[in-house]
Protein chains: 2
Amino acid sequence: MFLAVAEGGTVRAAADMLAVNHATIIRGIGRLEEKLSTKLFDKLPSGYKLTDAGADIVELAGQMSSASAQIEAKIFGRDQSISGPLRLTLPVSFATDLLMPTLADFSAAYPNIALEIIGSGSVVNLSNREADVALRVVIGNGAPPDNLYGTRLGGFHTGYYVRRDLLEVRSKPVAWLLGANEAVPSDWQPAGGITTTATPIRFAEMRSQYEAARAGMGISILPCFLGDADPLLARVPGGPVARAGDIWLLTHADTRRTKRVRLLCDQIHAAMRGFAPRLAGQVDGGGAELA
Amino acid sequence: MFLAVAEGGTVRAAADMLAVNHATIIRGIGRLEEKLSTKLFDKLPSGYKLTDAGADIVELAGQMSSASAQIEAKIFGRDQSISGPLRLTLPVSFATDLLMPTLADFSAAYPNIALEIIGSGSVVNLSNREADVALRVVIGNGAPPDNLYGTRLGGFHTGYYVRRDLLEVRSKPVAWLLGANEAVPSDWQPAGGITTTATPIRFAEMRSQYEAARAGMGISILPCFLGDADPLLARVPGGPVARAGDIWLLTHADTRRTKRVRLLCDQIHAAMRGFAPRLAGQVDGGGAELA
DNA sequence: CGCCAGCGGTGCGCCATTGCACCTCCTCGG
DNA sequence: CCGAGGAGGTGCAATGGCGCACCGCTGGCG
């Protein structure tokens, strides 16, 4: 409870995290403060804010939580049955647009495995066993952390996409739809008479960037497996297709020997091998013939 | 609860450690096993014995417990008031025969400090904050652990003691009363016509060794502050008085800046300075004149 | 051979903890 | 200027955990 409130900032946010009533949180924190005879939070109208004393112990509380999670992981790792919980975290776009059929097959093949899919908007901590298997995108040439076992599933490419009808009308300049860290490309210009506006529109999440492109707001850099598969989108003439990074499949050290972790990893691995052309942008999709 | 059962071996021993009913332990362990859906203990008629799975997580459970204790220590360390709990651990002989008046004075001077005295038959773990201040005897020339702050209070000497009337009667040979690791001295013999038996009687605890000497069972090696102060005992003629080791006063890194820890340490420090002659065996006590 | 001490296990009454509903207060925006 | 929404806080009923007393079992000892 202490960690949840410290992280969430409010009692109600912590209650949502722990799936309990917010009154329980209030009284639990109250009991903790009484037991330690120390005020851990300043109760402001805007929420709970850590006091100095509270900040001092947040790290130690994290150690307790981590140890608890590792106990679950160790016990989970001993379980070789093909029933029980199994939590997978992966980027939402991979889940909805690429692997959903694969995951549906897996769930149908092993109905006793309670598969939980966590779209990783925020970074899920695999070390604390908030998930058992993680599919992660590493931009550029990176490597996963040491205490996690990972296999590289291959690279993926991105291209420049725009709504198909904007290629034909060419009425007015279109905007650049960029992620938080992307820059307007300086080494090429859209061919075919397309003009662009000067100031880009930025998006914090790739999903909304994709939806903006579908809505015809402008040109966006998207993974090829997303853009090519969407009949509404087309590649921008002259736009380069470049390798954006690698896809890794990570498992926790304590649980990777588990039967159901192995089964899921094998299935994802096989599926991703089949998806390699789509990931590399080598499949004729909506606008491939224009590239 | 899990740690207590793993350490104690039986449910009832764990219940005593935690000062709860043994039924609570049974149901608590039951809930834990249900939550992890794993058997952690083999329920034998002789007690609870760790399974492989249970042994796997005992270390992690220890980490949780340690982190919890460190939280208490950090909070305790921030508390600069002269009220609240304060736990001191020291060998029982020091508590009862040397420092009890000092501790009584301290308790009278600061009535709001709840002083708890823990006779350290077993080794109390200061790192886990089972105590705040520890007075420890180091045999020979040792040093305390790194993460504890300690000051040397000085050395103490031991001598050879026997019940006074046995010096006068000399009816029959007396036995050697030795600790677990002591040996029959080879470089001297009792003077004054005292004869000794060949096989020593051994004691696991110094306290029972002392009581055996008072009962007239034989010759025992005792700290001088104990033997000299007891009118029933006298030094064995010819018996050497030798430095046995050092006395250290240890405090936890997180709590040593606390006001009440400082106060107690200062008072013990001052008292022990006054006790230096008695500790060195330089005070005329019960049998000093016979030395 | 029987007694007894110590072990784990369980039914019952009680109380702490929880969840629900509702409250006040503050803030922000129309 | 006021209403809506979201923050913390609280009374009430129900549930779940706890302590007590008691049970069956085993193993050692007179």
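In what follows, chains carry the letters A, B, and so on, assigned in the order in which the sequence lines appear, proteins first and then strands, with residues in each chain numbered from 1. Here the structure is a predicted model, which means the values were calculated and not measured.
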Should [X] be listed as having a side-chain N or O under 4.0 Å from OP1 or OP2 of [N]?
| X | N | value |
| --- | --- | --- |
| A:Thr24 | C:dT18 | no |
| A:Tyr48 | D:dG9 | yes |
| A:Asn21 | C:dC20 | yes |

Taking only the side-chain heavy atoms of A:Arg31 (C-beta and beyond), determine which of D:dC18, C:dT18, C:dC20 contains the nearest atom. C:dT18

Selected nucleotide, minimal atom distance to A:His22 side chain, candidates D:dG8, D:dC22, C:dC20: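 Out of D:dG8, D:dC22, C:dC20, the nucleotide with an atom closest to A:His22's side chain is D:dG8.
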
Of the non-hydrogen atoms in [X] and [Y], which two are nearest, and what is the gap between them?
| X | Y | answer |
| --- | --- | --- |
| B:Ala15 | B:Asn21 | CB-C, 3.9 Å |
| A:Val261 | A:Arg256 | CG1-CA, 4.0 Å |
| B:Val174 | B:Gly218 | CB-CA, 4.1 Å |

Check: B:Gln70 side chain, B:Ser65 main-chain N or O, donor-acceptor pair, under 3.5 Å: no

Nearest-angstrom distance from the residue atom [atom1] of [X] to [atom2] of [N]:
| X | N | atom1 | atom2 | value |
| --- | --- | --- | --- | --- |
| B:Ile26 | C:dG11 | CD1 | P | 13 Å |
| B:Phe41 | C:dC7 | CZ | P | 15 Å |
| A:Leu18 | C:dG19 | CG | P | 10 Å |
| B:Asp42 | C:dC7 | CG | C1' | 15 Å |
| A:Asp16 | D:dG6 | CG | P | 12 Å |
| B:Leu44 | C:dG6 | CG | P | 19 Å |
| A:Ile25 | D:dT10 | CD1 | C1' | 16 Å |
| B:Lys43 | D:dG24 | NZ | C1' | 18 Å |

Taking for each residue the nucleotide of DNA chain C with the nearest heavy atom, is it A:Ala19 or B:Val11 whose nucleotide lies nearer the 5' end? B:Val11

Just call it for A:Arg27: base, sugar-phosphate, or nothing, with non-hydrogen atoms closer than 4.0 Å on any strand.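 Since a base atom lies under 4.0 Å of A:Arg27, the category is base.
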
What is the nucleic acid contact for A:Arg12, judged by heavy atoms within less than 4.0 Å: base, sugar-phosphate only, or nothing? base

Pair A:Arg260 + A:Asp79: basic N to acidic O under 4.0 Å: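 Looking at A:Asp79 together with A:Arg260, the answer is yes, because their closest N to O distance falls below 4.0 Å.
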
Would you kindly compare B:Pro45 and B:Gly28 by the position of their nearest DNA chain D nucleotide and give the one closer to the 5′ end? B:Gly28

